[in-house]
K.L.:
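Here it is, the structure in full.
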Amino acid sequence: MAINQRNLVRMLAVFSVWTTAMVAATADTGGDGDIRVPSIRTASNQQPEQFQESRQVAKLIDQLGSRHFVARRDAERQLLEIGMKAFDQIDAATHHPDPEISASARYLISELTVRWTRRDDPPQVKSRLDQYAHKEDMERLAVVYKLGARTEAWAIAPLCRICRYDSSPTVSRQAAIELLRADKYETGYDPNIAAQLREQIGTSVRPAAEWIRLLATQLEDPHRAAELWPAAIDLAASETDDSLDEELLAAQVSDLLRNLARVQLQIEDRAGFVEVIDRIMATTDRAAIVELQRLFEWDKVAADAKLVDQLLDRYQESLSESKSGLYLMARMRAQQDQEDLADQLAEQAFAKASVMGAGAEGRLVIGTDLMDEGFTEWGRRELYAAIEETPTASNVHGEAAEVLSLSLHDEQLDKEAADVLAKLTSALKSDTDLQKDYNRRIRTSGRGPRLPLRPLPKLESWQYYYQACHLKAAGDTEGQWKALERALSLDESNADILIAQYHATEDNQQRRQQVMDRIQQRCRTLEQEISDLPSSSQAYNEWAWLVSNTEGDYDKAVRYSHKSIDVFHKLIAEEPQFSKEDSAGYLDTLGRCYFSAGDIESAIKYQSLAVEYEPHMLVLRRQLDEFRAAKAGGTTNGG
């Protein structure tokens with residue numbers, strides 16, 4: 001598939017950050033001679049690990065509050081010499097009631113040298129934690145988010161390490177939250193992961209460390225975890241910190257509650273689950289639609305029709321207040337095969353103003369999301385309205401026209417697709433000032449909410465390509481050729497136009513040779529792009545797509561297609577906003593390459609995966625049907 005047609009990237013929105021916890025601690029020697037190290041309030045009252053110098057460390061921490069400057073500095077020096085063994089005790093002292101001790105402890109934490117990478121770390125961890133100590137807080141948070149996006153077990157150790165040792169409470173707690181969010185931990189008893197979590201977090205007295213210990217319990221015994229989590233959450237909810245606003249503290253509690261809700265689902269405690277959801281809805285500043293959208297994406301919720309009904313009925317009033325909420329109810333009712341009710345709710349949603357953006361902008365965002373989820377009719381209605389309600393060639397008009405035309409083409413409604421673009425291109429061509437303003441917006445803003453605005457020649461090129469597809473279906477081969485020639489004159493780099501020309505010249509050898517010359521020239525250009533930038537997946541993919549749909553080295557096309565996927569997977573590993581589902585277009589290309597090379601089993605295998613990742617794209621399904629039909633008939637494109 002030519003990826004440049006459609007690449008609506010799923011961005012991962014991550015805005016929740018975390019705060020410090022309250023500590024009530026003193027360091028003294030009891031009458032029995034035991035050392036009482038500073039303690040922190042946790043559900044299990046975890047204490048720092050006792051080691052040979054524990055008594056000395058406790059005394060030195062107490063000495064940090066001395067009235068004598070020399071004594072305080074000497075205590076700091078000795079604690080730094082003891083090093084990381086004293087970390088947990090010093091960390092607990094950062095909340096000492098004596099402000100001199102707490103301030104000195106915070107300074108010492110920032111000065112202790114943490115080995116962020118270990119000898120046995122896999123390369124993925126070493127690369128992410130390279131220069132970690134020298135990064136600013138927001139840069140370290142970005143590392144945490146990337147590690148949290150991984151589902152592999154190797155992400156556990158670095159996230160625990162960051163939770164335990166990072167000097168920023170915000171970064172430390174986010175590391176724990178990322179572990180709580182990992183999907184692989186929802187599957188129940190896993191002694192290996194539980195043991196690894198406990199080993200890596202050690203005896204850290206931080207509140208976030210307690211969350212990780214509770215996660216380990218959750219893996220082994222979710223019923224026990226369901227009993228323990230409320231106390232830890234209540235403790236987190238009771239914490240106060242004047243340096244952070246209440247909204248951020250509420251976001252922390254909401255994420256912990258969300259994890260508890262998953263546990264309640266796992267142990268099939270529906271009443272407990274609903275109770276937790278009620279608390280989330282009462283404590284969060286997010287709109288009800290956002291929270292419920294998350295819930296309905298959980299497999300265990302979506303598969304439980306009674307639970308869905310209960311949630312929809314329980315929060316119907318809140319959902320009915322917004323356009324998005326009404327569409328959420330409509331989608332859920334449609335999935336329950338309650339089509340009449342779903343359409344009624346969708347009608348109400350269409351008539352309601354959106355809070356996601358003023359007027360048509362909200363229609364654009366919601367309409368695109370609806371089509372991505374397979375609710376094509378509702379989504380197109382919103383996009384048509386967005387086009388009608390905005391000035392011609394405005395940003396919203398341009399983006400809505402492109403998304404709408406792509407959707408219409410996918411359903412082979414090519415005349416309608418061409419007409420949508422024609423309205424936009426005609427307006428731009430007939431008004432010089434409007435065209436200048438449009439071009440200026442392309443240069444200055446570049447990207448809109450969904451798709452980049454395309455220059456006028458590219459818009460016209462797609463318009464004539466859709467027109468050619470319509471004329472082909474109508475049997476007008478000469479009209480099709482003229483439209484394709486016009487399209488190519490406006491954009492010579494469009495592989496889909498060249499492919500269409502190739503298939504339109506079966507009965508005209510002179511034109512076929514002309515097209516093959518163009519294809520070979522384009523392949524040479526792509527080879528040069530690959531040579532100049534071998535890390536670009538697009539050039540590999542386009543070469544493979546162009547050749548596999550026409551003539552050439554099909555085995556090389558297979559290799560190039562695999563290479564494009566390998567490059568893209570490296571991007572997925574580095575950038576959490578991308579996921580394997582975004583590789584559907586690349587897999588579509590690989591399916592075609594294998595089909596042309598004569599390996600129909602592999603073609604069906606990879607095409608099926610593409611359809612799995614993008615189930616609502618009809619073009620992917622049509623290609624899969626073609627491959628299966630060829631298998632049934634004993635033929636392939638490659639002979």
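When a residue number appears, it is its place in the shown sequence, counting from 1. Just so you know, these numbers come straight off a predicted model, no measurement behind them.
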K.L.:
Let me confirm one number: the CG-OG distance from Asn494 to Ser461, rounded to the nearest 0.5 Å.
P.N.:
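Nearest 0.5 Å value for the CG-OG distance: 5.0 Å.
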
K.L.:
Going by heavy atoms in the side chains, are Ser537 and Ile565 under 4.5 Å from each other?
P.N.:
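No, side chains not in contact.
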
K.L.:
Under the rule for ring-ring contact (aromatic ring centres under 6.0 Å, His included), what residues qualify as partners of His569, not counting sequence neighbours?
P.N.:
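Listed in chain order: nothing, the list is empty.
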
K.L.:
Please find the pair of heavy atoms, one from Asn259 and one from Leu180, that lie closest to each other, and give the distance.
P.N.:
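Scanning both residues, the minimum pair turns out to be OD1-O, 3.7 Å.
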
K.L.:
Can you tell me how the ring of His562 sits relative to the ring of Tyr594, calling it parallel under 30°, perpendicular over 60° and tilted otherwise?
P.N.:
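The arrangement is perpendicular - the two ring planes meet at more than 60°.
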
K.L.:
With rounding to the nearest 0.5 angstrom, report the CG to CG distance, Leu428 to Asn439.
P.N.:
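So the CG of Leu428 and the CG of Asn439 are separated by 8.0 Å.
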
K.L.:
Charged N to carboxylate O below 4.0 Å: is that the case for Arg592 and Glu626?
P.N.:
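Answer for the salt bridge query: yes.
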
K.L.:
Just checking, any donor-acceptor pair under 3.5 angstrom between side chains of Asp278 and Tyr315?
P.N.:
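A pair is found: one side chain offers a donor N or O, the other an acceptor, under 3.5 Å apart.
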
K.L.:
Would Gln521 and Glu492 count as having a side-chain donor-acceptor pair, cut-off 3.5 Å?
P.N.:
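No, Glu492 and Gln521 have no side-chain donor paired with an acceptor closer than 3.5 Å.
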
K.L.:
Please enumerate all residues that pass ring-ring contact (aromatic ring centres under 6.0 Å, His included) together with Tyr502, with sequence neighbours excluded.
P.N.:
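ring-ring contact (aromatic ring centres under 6.0 Å, His included) list for Tyr502, sorted by chain: empty.
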
K.L.:
Might you work through the salt bridge (charged side-chain N to carboxylate O under 4.0 Å, His left out) test for Arg622 and Asp625, ending with a clear yes or no?
P.N.:
CA-CA 5 Å; Arg622 286 195 292 271; Asp625 291 342; over 6 Å; no

K.L.:
By ring-ring contact (aromatic ring centres under 6.0 Å, His included), which residues pair with Phe273, not counting sequence neighbours?
P.N.:
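Not a single residue meets the ring-ring contact (aromatic ring centres under 6.0 Å, His included) criterion with Phe273.
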
K.L.:
Checking Ala468 now: which residues fulfil side chain to side chain contact (heavy atoms under 4.5 Å, CB included) with it, not counting sequence neighbours?
P.N.:
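Ala468 satisfies side chain to side chain contact (heavy atoms under 4.5 Å, CB included) with Gln480, Ala483, Leu484 once adjacent residues are dropped.
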
K.L.:
Side-chain contact, heavy-atom cut-off 4.5 Å: Lys580 with Leu587?
P.N.:
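No, their side chains stay 4.5 Å or more apart.
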
K.L.:
Check the side chains of Glu382 and Tyr327 for a donor-acceptor pair under 3.5 angstrom, ignoring hydrogens and angles.
P.N.:
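Yes - a donor-acceptor pair under 3.5 Å links their side chains.
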
K.L.:
Regarding Ser493 and Arg522, do their side chains bring together a donor and an acceptor under 3.5 Å, going by distance alone?
P.N.:
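The criterion, which ignores hydrogens and geometry beyond distance, is not satisfied for Arg522 and Ser493.
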
K.L.:
What distance do Thr425 atom OG1 and Gln435 atom CD have between them, rounded to the nearest 0.5 Å?
P.N.:
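Between atom OG1 of Thr425 and atom CD of Gln435 there are 10.5 Å.
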
K.L.:
Under a 3.5 Å cutoff, is there a donor and acceptor pairing between the side chains of Glu178 and Gln174?
P.N.:
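Yes - a donor-acceptor pair under 3.5 Å links their side chains.
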
K.L.:
Taking ring-ring contact (aromatic ring centres under 6.0 Å, His included) as the test, write out the residues that go with Tyr438, two or more places apart.
P.N.:
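Partners of Tyr438 under the ring-ring contact (aromatic ring centres under 6.0 Å, His included) test: none.
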
K.L.:
Roughly how far, to the nearest 0.5 Å, is the CG atom of Asp410 from the CZ atom of Arg621?
P.N.:
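Those atoms lie 10.5 Å apart.
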
K.L.:
Mind checking whether Leu490 and Gln463 have side chains closer than 4.5 Å, heavy atoms only?
P.N.:
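No, too far: nothing below the 4.5 Å cut-off.
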
K.L.:
Quick one: does Gln538's side chain get under 4.5 Å of Glu529's, heavy atoms only?
P.N.:
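SC-SC contact between Gln538 and Glu529 ruled out.
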
K.L.:
Examine Arg363 relative to Phe350 and say whether NZ or CZ is less than 6.0 Å from the centre of the six-membered ring and inside a 45° cone about the ring axis.
P.N.:
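Checked: cation-pi criterion met.
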
K.L.:
Applying side chain to side chain contact (heavy atoms under 4.5 Å, CB included) between Arg333 and each of Leu328, Asp340, Leu312, report the one that passes.
P.N.:
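For Arg333, the side chain to side chain contact (heavy atoms under 4.5 Å, CB included) check succeeds only for Leu312.
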
K.L.:
Flag the pair Cys523 / Leu546 as yes when at least one side-chain heavy-atom distance between them is below 4.5 Å, and no otherwise.
P.N.:
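Side chain of Cys523 against side chain of Leu546, heavy atoms only: contact under 4.5 Å found.
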
K.L.:
Just by distance, with hydrogens left out, do Arg511 and Gln501 show a side-chain donor and acceptor under 3.5 Å apart?
P.N.:
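Per modelled atom types, Arg511 and Gln501 side chains form no pair under 3.5 Å.
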
K.L.:
Under a 3.5 Å threshold, yes or no: a donor from one side chain and an acceptor from the other, between Gln310 and Asp304?
P.N.:
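No, Asp304 and Gln310 have no side-chain donor paired with an acceptor closer than 3.5 Å.
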
K.L.:
For Trp462 and Asp491, which I'm curious about, is there any donor-acceptor pair between the side chains at under 3.5 Å?
P.N.:
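No, no side-chain donor-acceptor contact under 3.5 Å.
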
K.L.:
Whether the side chain of Ser320 engages the backbone of Gln316 through a donor-acceptor N/O pair (distance < 3.5 Å, no angle test) should be reported.
P.N.:
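Looks like yes, one N/O pair under 3.5 Å.
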
K.L.:
Identify which one of Phe568, Tyr560, Trp545, Tyr540 satisfies the ring-ring contact (aromatic ring centres under 6.0 Å, His included) criterion when paired with Tyr586.
P.N.:
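Exactly one option meets the ring-ring contact (aromatic ring centres under 6.0 Å, His included) with Tyr586, and it is Phe568.
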
K.L.:
Does a side chain donor of either Gln467 or Asp414 reach within less than 3.5 Å of an acceptor in the other side chain?
P.N.:
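Not at all, the side chains of Gln467 and Asp414 share no donor-acceptor pair under 3.5 Å.
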
K.L.:
Compute whether any side-chain donor of one residue and acceptor of the other, for Gln623 and Arg628, lie under 3.5 angstrom apart.
P.N.:
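No donor-acceptor contact under 3.5 Å links the two side chains.
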
K.L.:
Could you report the tightest heavy-atom contact between Gly398 and Leu424, atom names first, then the distance?
P.N.:
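Gly398 and Leu424 have their closest heavy atoms at CA-CD2, 4.0 Å.
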
K.L.:
Does Asp309 form a side-chain contact (heavy atoms from CB on, under 4.5 Å) with Gln336? I'd like the steps, not just the answer.
P.N.:
CA-CA 10 Å; Asp309 286 341; Gln336 295 177 330; 3.1 Å; yes

K.L.:
Can you measure from CZ (Arg258) to CD1 (Ile177) and round to the nearest 0.5 angstrom?
P.N.:
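The distance works out to 9.5 Å.
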
K.L.:
Mind listing the closest non-hydrogen atom pair of Glu614 and Ala584 along with its distance?
P.N.:
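Glu614 and Ala584 have their closest heavy atoms at CG-CB, 3.3 Å.
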
K.L.:
Hey, does Thr589 have a side-chain heavy atom less than 4.5 Å from the side chain of Cys593?
P.N.:
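Side-chain contact under 4.5 Å: yes.
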
K.L.:
Under the salt bridge (Lys or Arg N to Asp or Glu O under 4.0 Å) test, which residues partner Glu377, sequence neighbours left out?
P.N.:
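None.
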
K.L.:
Does a side-chain N-to-carboxylate-O contact under 4.0 Å join Glu485 and Arg518?
P.N.:
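Yes, this pair counts.
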
K.L.:
Which atoms form the tightest heavy-atom contact between Phe375 and Ala334, and what is the distance?
P.N.:
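Reported closest heavy-atom pair: CE2-CB, 3.7 Å.
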
K.L.:
What's the spacing between Gln348 CD and Lys323 NZ if we round to 0.5 Å?
P.N.:
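Here the rounded value is 11.5 Å.
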
K.L.:
Which heavy atom of Asn541 sits nearest to which heavy atom of Gly585, and what is that distance?
P.N.:
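Shortest heavy-atom separation between Asn541 and Gly585 comes out as OD1-O, 4.2 Å.
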
